[in-house]
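Naming: A, B, ... by sequence-line order, numbering from 1 per chain. It should be emphasised that the depicted structure is a prediction, and the values quoted were computed from it without experimental measurement.
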There are 2 protein chains.
Amino acid sequence: MRADAQRNLDTLLQTTMAVFASDGVDAPVRLIAEKAGVGVGTVYRHFPQRSDLVAAVFRREIDACAAAAAVLSAKHEPFEALAAWMQRYAAFVAAKRGLAKALHSGDPAFDTLPGYFDERLRPALRKLLETAAAAGVVRADVDADELLGAVASLCMSAHNAGSGRAERMVALLVDGLRHGATSP
Amino acid sequence: MRADAQRNLDTLLQTTMAVFASDGVDAPVRLIAEKAGVGVGTVYRHFPQRSDLVAAVFRREIDACAAAAAVLSAKHEPFEALAAWMQRYAAFVAAKRGLAKALHSGDPAFDTLPGYFDERLRPALRKLLETAAAAGVVRADVDADELLGAVASLCMSAHNAGSGRAERMVALLVDGLRHGATSP
DNA sequence: GTTTATACGGAACATTGTTCCGTTTAGCAA
DNA sequence: TTGCTAAACGGAACAATGTTCCGTATAAAC
């Protein structure tokens, strides 16, 4: 791949993320192209359809969320790392309400997203859980999948409630994990 | 209101319902206007925004579903009326997948729909439930709201599964109502 | 029958996704 | 360094669709 193409792809993805954050996932392709300093033709060469661009950004943010697990794990004690990551994940779900819409839109570009979700996020959380369980600070009988689903539901349904509610509910959930921990 | 305006409004709503059924709720306004034999200007005078037309059609179908309760109640025994209406409601939810999308779109035109849902459908189901409970053919401790929500969830999540699954699940649910019935 | 407020139709406009093609340029070889 | 070429670029043009506007037609009142 030519160097300029790679450069453009990078700035395009980064700019798109910023535009989605400020203007929502429905922002016009023209606007994204303009802010990235490229023509719409360039956008469409990298992403044949608008939805491909959206999916790419989501994948990138899923990656970032998964990568945060390792960072937090290295920086904090097992339980704190787990708790912090759960909040990180909750923030991701709450911020990306466009994601739910995308997943239910029926566009084939999003077909692989749920799988990507599992593939990246589940192992990340599983490792955090196992580490914390091995340290004896949380119970060991909770499934990573269920936890991801529960937090997602919490953040979706609580999204129109007052500020901080989702955070508090997630914290409550995480504290629940401490119950029944078996010291090693 | 002028007679021709009323006529146009009626045919417009009826035609729109048919077009939504065959082409989905994303059908272009032009197509709807054409099939209804009116100009787009007429559509927009009655419904300032496209979403207002969608909301009106949904309200109309909610009305029809609610009205079916009385008809079924008059024609069948209490339990059969209840069971038949539940299937009627399930079919409505399953068919109108655009409804879920609309409700989550954030368009203000749909803000009053959830309230309308409660206002019309809940009393209809409650009356069916009470009649059946009074006849001693179903238990009396089930809330109409919960039942509506449960069926909606069933039909939403089971929508991509094989044919008849949603119907079977709803039937199962309804049969569950028979359990613990107390004869009068 | 005349008048007038109302409703109508559809062309025109605005926005946005997508395609197309002439132009530019990065990478490479001589 | 220079010349060449395939790749990439930009943005005008196209297509689809929501929305507005206004000249025309007509139902209803007198």
Side-chain angles (χ1 to χ4, degrees), chain A residues 1-58 98 101-111, chain B residues 1-58 98 101-111:
Chain A
M1 177 177 252
R2 247 168 64 170
D4 58 341
Q6 181 66 60
R7 243 196 336 269
N8 272 328
L9 186 63
D10 287 346
T11 59
L12 183 56
L13 276 173
Q14 222 161 313
T15 305
T16 304
M17 217 179 304
V19 173
F20 280 179
S22 65
D23 294 47
V25 286
D26 289 331
V29 174
R30 276 167 183 67
L31 177 66
I32 295 169
E34 185 191 346
K35 295 222 176 191
V38 302
V40 288
T42 301
V43 176
Y44 276 91
R45 195 160 338 90
H46 289 303
F47 305 99
Q49 308 225 10
R50 192 189 182 289
S51 48
D52 295 323
L53 176 59
V54 177
V57 168
F58 278 151
K101 219 190 302 182
L103 289 179
H104 293 71
S105 72
D107 192 310
F110 301 120
D111 282 353
Chain B
M1 176 176 252
R2 251 167 62 173
D4 57 342
Q6 181 66 58
R7 243 196 336 270
N8 272 328
L9 185 64
D10 287 345
T11 59
L12 183 55
L13 277 173
Q14 222 161 313
T15 304
T16 303
M17 217 178 306
V19 173
F20 281 178
S22 64
D23 293 45
V25 285
D26 290 331
V29 175
R30 277 167 182 68
L31 177 67
I32 296 169
E34 185 192 346
K35 295 222 176 189
V38 301
V40 286
T42 301
V43 177
Y44 277 90
R45 197 164 334 91
H46 288 303
F47 305 99
Q49 307 226 9
R50 191 189 183 288
S51 48
D52 294 322
L53 175 60
V54 177
V57 168
F58 278 151
K101 217 189 305 182
L103 290 181
H104 293 70
S105 72
D107 192 310
F110 301 120
D111 282 353

TODO: State, without any angle test, whether Thr42(B) and Asn8(B) hold a side-chain donor-acceptor pair at a distance under 3.5 Å.
DONE: no
Open item on the list: Check this one for me: any side-chain N or O of His46(B) less than 4.0 Å away from OP1 or OP2 of dC8(C)?
Closed with: yes
Task: From CD (Gln14(B)) to NZ (Lys35(B)), nearest 0.5 Å - done: 14.5 Å
- [ ] Write down the distance between CG (Leu12(B)) and P (dA7(C)), rounded to a whole number of angstrom.
- [x] 14 Å
- [ ] Starting at CG of Asp52(B), measure out to OH of Tyr44(B) and round the result to the nearest 0.5 Å.
- [x] 10.0 Å
Open item on the list: Below the 4.0 Å mark, does dC9(D) have OP1 or OP2 next to a side-chain nitrogen or oxygen of Asn8(A)?
Closed with: yes
Open item on the list: Show, in sequence, the C-alpha distance, side-chain angles and deciding distance for Phe20(B) and Val54(B), and conclude whether the side chain to side chain contact (heavy atoms under 4.5 Å, CB included) test is met.
Closed with: CA-CA 9 Å; Phe20(B) 281 178; Val54(B) 177; 3.9 Å; yes
Task: OP1 or OP2 of dG9(C) under 4.0 Å from side-chain N/O of Thr42(B) - done: yes
Open item on the list: Output one letter per nucleotide in nucleotides 18-30 of chain D: B when a protein non-hydrogen atom lies under 4.0 Å from the base, S when only the sugar-phosphate is that close, - when neither is.
Closed with: BBB-----BSS--
Open item on the list: To the closest 0.5 Å, what do you measure between OG1 (Thr11(A)) and CG (Leu13(A))?
Closed with: 8.5 Å
Open item on the list: Per the salt bridge (charged side-chain N to carboxylate O under 4.0 Å, His left out) rule, what does the pair list look like for residues 11-29 of chain A, sequence neighbours excluded?
Closed with: Asp26(A)-Lys101(A)
Open item on the list: Rounded to whole Å, please give me the gap between CD1 in Ile32(A) and C1' in dG17(C).
Closed with: 12 Å
TODO: Calculate the interatomic distance between Phe47(B) atom CZ and dT17(D) atom C1'; express it in whole Å.
DONE: 19 Å
